[in-house]
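Atom set for the values below is all heavy atoms of this structure, side chains included, hydrogens, waters and symmetry mates excluded.
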Amino acid sequence: MHSIFISWKKPGRLFPVVVLIMLFAMKSDAQSAEEIIQRIKTKLEKINDYVAEGKMKTNVAFIKAPIATVKVYYKKPDKLLILNETGISFIPKGAVNININNVFVNMQAFDIIDAGRDNAGLRIIKLLPKDDTADIVLSTLYVDEKSLSVKRSKTTTKENGTYELEMSYGKFSEYGLPDKVIFSFNTKDYKLPKGITLDYDDGVERGEEKLKNKKGTVEISYKSYTINKGIDNSIFKR
């Protein structure tokens, strides 16, 4: 609380004027969590589709996966396809949300809760599903209010474990698209698609025990985006 005391004299009298300014935790000019989410959603809704090119690095302790050139296809509202030069991507089912646009598709299905700020000053916003049967249990977003960008997110699901996104922005920030994405997941919640085999670091067959208590990451560094040029739906039928 700040107090400003102003006084002046008139003949025979002293007239004190006291101005009290109360600072509340929620300032009148601060954005609410709902307003922030809506502004980010409006920004991302300008993107109907894109094709992105970049490099993908897979870090899973027991799998040999070289850095690969990738193409990422996205089409509103939630179509996503990641192709690499080898034709194989070690990415779990939850990776549909490796594209931040998909996080905002069904925002009306969540209750939005303001959870304050972290040590870096990012706004923490929690998303709780209104439907108890939804696969997502909780999503937490860490938002830079000035740039209206999501820097980190953490999502816990019923079927696909917990996964995290960390994003950095640069030349594509105008569209809310990251230059770099790091997707982290629990390998114990991942199952290789049928018919796909990979090389393992120890040269032995994969056992279920090898997936337990491990953490994997998929890192994509984008070099270009082609935005709103149109993508045929057939590209996603693979």
Side-chain angles (χ1 to χ4, degrees), residues 31-57 68-84 89 91-110 112 122-127 129 134-136 139-155 157 160 163-185 217-238:
Q31 300 179 88
S32 68
E34 290 81 2
E35 288 172 333
I36 293 172
I37 292 297
Q38 185 54 53
R39 291 183 68 189
I40 296 175
K41 188 172 185 291
T42 298
K43 182 178 181 179
L44 294 176
E45 282 177 343
K46 296 177 182 177
I47 303 171
N48 296 315
D49 57 70
Y50 67 72
V51 179
E53 296 184 4
K55 295 289 185 180
M56 183 176 73
K57 181 180 180 181
T69 298
V70 295
K71 269 193 174 182
V72 180
Y73 297 84
Y74 166 78
K75 186 173 184 179
K76 188 187 290 187
D78 58 359
K79 288 184 171 65
L80 182 71
L81 176 67
I82 301 175
L83 296 179
N84 71 32
S89 296
I91 299 179
K93 183 178 179 181
V96 65
N97 290 310
I98 201 169
N99 169 47
I100 194 62
N101 300 59
N102 285 359
V103 177
F104 287 81
V105 170
N106 297 313
M107 198 56 65
Q108 69 277 3
F110 295 89
I112 300 171
L122 297 176
R123 194 76 169 265
I124 305 173
I125 299 175
K126 294 184 179 293
L127 307 177
D135 181 52
I136 291 178
S139 284
T140 304
L141 308 180
Y142 297 81
V143 177
D144 183 331
E145 291 180 78
K146 292 183 179 179
S147 63
L148 291 176
S149 58
V150 179
K151 293 299 185 74
R152 302 199 315 275
S153 70
K154 182 176 182 179
T155 301
T157 69
N160 298 298
Y163 51 86
E164 299 178 45
L165 279 176
E166 183 177 342
M167 289 152 288
S168 56
Y169 298 82
K171 54 187 175 181
F172 311 111
S173 59
E174 175 186 352
Y175 296 95
L177 296 172
D179 284 32
K180 184 177 180 180
V181 176
I182 300 176
F183 181 85
S184 304
F185 58 95
T217 64
V218 174
E219 179 181 313
I220 301 180
S221 298
Y222 295 103
K223 68 176 184 179
S224 67
Y225 284 90
T226 302
I227 301 169
N228 294 341
K229 297 297 183 181
I231 300 177
D232 192 277
N233 287 332
S234 62
I235 194 70
F236 299 98
K237 296 178 180 180
R238 300 195 179 201

The test is salt bridge (charged side-chain N to carboxylate O under 4.0 Å, His left out); show your working for Lys180 and Glu219 and say whether it passes.
CA-CA 7 Å; Lys180 184 177 180 180; Glu219 179 181 313; 3.4 Å; yes
For Leu141 and Ile40, what are the C-alpha separation, side-chain angles and deciding distance, and is it a side-chain contact (heavy atoms from CB on, under 4.5 Å)?
CA-CA 12 Å; Leu141 308 180; Ile40 296 175; over 6 Å; no
Please walk me through it: do Tyr222 and Val181 pass side-chain contact (heavy atoms from CB on, under 4.5 Å)?
CA-CA 8 Å; Tyr222 295 103; Val181 176; 4.0 Å; yes
Could you give me the CA-CA distance, side-chain angles and deciding distance for Ile82 and Asn84, then say whether side-chain contact (heavy atoms from CB on, under 4.5 Å) is met?
CA-CA 7 Å; Ile82 301 175; Asn84 71 32; 5.9 Å; no
Take Asp179 and Lys171 through the test side-chain contact (heavy atoms from CB on, under 4.5 Å) and record every step on the way to the result.
CA-CA 7 Å; Asp179 284 32; Lys171 54 187 175 181; 3.9 Å; yes
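Note that CD1 of Ile112 and CD1 of Ile37 are 5.5 Å apart. Values are rounded to the nearest 0.5 Å. Atom CD of Glu145 is separated from atom CG of Leu122 by 9.0 Å, given to the nearest 0.5 angstrom. Atom CD1 of Ile220 and atom CD1 of Ile182 lie 11.0 Å apart (nearest 0.5 Å). Distance check: Glu34 CD to Met107 CE gives 11.0 Å after rounding to the nearest 0.5 Å. To the nearest 0.5 Å, atom OH of residue Tyr163 and atom OG of residue Ser139 are 6.0 Å apart. Here Tyr74 contributes atom OH and Lys76 contributes atom NZ; the two are 6.5 Å apart, rounded to the nearest 0.5 Å.
When atom types are taken as modelled, the side chain of Arg123 and the backbone of Gln31 share a donor-acceptor pair closer than 3.5 angstrom. Without hydrogens or angle criteria, Tyr169 side chain to Lys151 main chain gives no donor-acceptor distance under 3.5 Å. Put simply, the side chain of Asn228 gets close to the backbone of Lys46: a donor and an acceptor are under 3.5 Å apart.
You'll find the side chain of Ile136 reaches within 4.5 Å of the side chain of Phe110, heavy atoms only. You'll find the side chain of Val150 stays beyond 4.5 Å of the side chain of Leu165, heavy atoms only. A 4.5 Å side-chain heavy-atom check between Lys55 and Thr69 finds at least one atom pair inside the cut-off.
Taking each heavy atom of Phe236 and Leu81 in turn, the nearest pair found is CD2-CB, 3.8 Å. Across every non-hydrogen atom of Tyr225 and Pro178, the tightest pair is OH-O, 2.7 Å. Shortest non-hydrogen contact noted between Thr217 and Ser184 is CG2-OG, 3.5 Å. Nearest heavy atom pair, residue Tyr73 against residue Ile231, reads CD2-CD1, 4.3 Å.
Sparse packing is recorded around OH of Tyr175, with 12 or fewer heavy atoms of other residues, nucleotides or ligands lying under 6.0 Å away.
A salt bridge links Lys41 with Glu45: the closest approach of a Lys/Arg side-chain nitrogen to an acidic carboxylate oxygen falls below 4.0 angstrom.
In this view, Phe104 satisfies the ring-ring contact (aromatic ring centres under 6.0 Å, His included) rule with no residue, not counting sequence neighbours.
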